[in-house]
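Letters A, B, ... mirror the listed sequences (proteins, then strands); counts begin at 1. Since we're looking at a predicted model, the values are computed, not measured.
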Amino acid sequence: DIQMTQSPSSVSASVGDRVTITCRASQGISSWLVWYQQKPGKAPTLLIYAASSLQSGVPSRFSGSGSGTDFTLTITSLQPEDCATYFCQQSNSFPLTFGPGTKVDIK
Amino acid sequence: EVQVLESGGGLVQPGGSLRLSCAASGFTFNSYAMGWVRQAPGKGLEWVSTISGSGDDTFYADSVKGRFTISRDTSKNTLSVQMNSLRGEDTAIYYCAKGSRRAGRDFDYWGQGTLVTVSS
């Protein structure tokens, strides 16, 4: 199975700050990587697919990059509504696996 | 508008069974894979199972293999999962999710979730 790790586990930043979250796969997954956002008490929503493609309706301050084993989610200018937990997921092969999540909040 | 809506959660004793259902609308149901993802209280996301658009192919996490059975009814646009031999560690919110067009191994629409509690 492909193991996914994320860092940091939590980050506290100010409004307008740039926030970067890293996701690493235990083996190469090409660009088969997606990012989800989950707000408290809500279902996850898809942010980024194919490592760097923005899902329709997602603000352009979100971006993704990487391929192989190392990936990054960046929020270029943090907004209050971005407070959430962010999960990466490998979509390369079954069993599908998620990272443990990164909680983002406002300082 | 794409919608997926789960039902069937509740309290069940260890060793018991429960069937979750998911009503889908707003898309051509048999053209997309569908899946179940769960989240234990205060924990991360865990993929449970996926079924192909045709229903011919099914995939399971090792943690539920042999105990859970995923199925779909195209005539009713409904996804289901039959959960048997339930354990305490199966306690979680269960989300129904629509597979994306990209091989169906990621999920572009999620339901609001249904809580399953396994406890005596």
Trainee: Partners of A:Thr97 by side chain to side chain contact (heavy atoms under 4.5 Å, CB included), sequence neighbours excluded?
Mentor: A:Ile2, A:Met4, A:Gln90
Trainee: If you measure from CZ on B:Arg105 to CH2 on A:Trp32, what distance do you get to the nearest 0.5 Å?
Mentor: 5.0 Å
Trainee: What distance do A:Thr85 atom OG1 and B:Leu45 atom CG have between them, rounded to the nearest 0.5 Å?
Mentor: 9.0 Å
Trainee: Partners of A:Thr5 by side-chain hydrogen bond (donor to acceptor under 3.5 Å, both in side chains), sequence neighbours excluded?
Mentor: none
Trainee: Nearest 0.5 Å, what's the CD-CZ distance between A:Gln89 and B:Phe107?
Mentor: 6.0 Å
Trainee: Does A:Arg24, at its CZ atom, have more than 12 non-hydrogen atoms belonging to other residues, nucleotides or ligands within less than 6.0 Å?
Mentor: no
Trainee: Check A:Ala43 against B:Gly111 and note the closest heavy-atom contact, atom names and distance.
Mentor: CB-O, 3.1 Å
Trainee: When clusters are formed by joining ILVMFWY residues with side-chain heavy atoms under 4.5 Å apart, either directly or through shared neighbours, do A:Val11 and A:Tyr86 land in the same one?
Mentor: yes
Trainee: Could you check whether atom CZ of B:Arg19 has more than 12 heavy atoms from other residues, nucleotides or ligands sitting under 6.0 Å from it?
Mentor: yes
Trainee: Got a sec: does the CZ of B:Arg102 have more than 12 other heavy atoms crowding it under 6.0 Å?
Mentor: yes
Trainee: Find the one option among A:Gly99, A:Ser56, A:Ser91 whose heavy-atom pairs under 4.5 Å with chain B are most numerous.
Mentor: A:Ser91
Trainee: Between A:Tyr36 and A:Phe62, is there a shared hydrophobic cluster once you connect ILVMFWY residues whose side-chain heavy atoms come closer than 4.5 Å?
Mentor: no
Trainee: About how many Å separate CZ of A:Phe87 and CD of B:Gln39, when rounded to the nearest 0.5 Å?
Mentor: 5.5 Å
Trainee: Are B:Tyr95 and A:Pro44 side-chain neighbours, meaning at least one heavy-atom pair lies under 4.5 Å?
Mentor: yes
Trainee: About how many Å separate CH2 of B:Trp110 and CD of A:Gln38, when rounded to the nearest 0.5 Å?
Mentor: 8.0 Å
Trainee: Run A:Phe98 and B:Val37 through side-chain contact (heavy atoms from CB on, under 4.5 Å) and show every step you take.
Mentor: CA-CA 10 Å; A:Phe98 291 85; B:Val37 176; 4.1 Å; yes
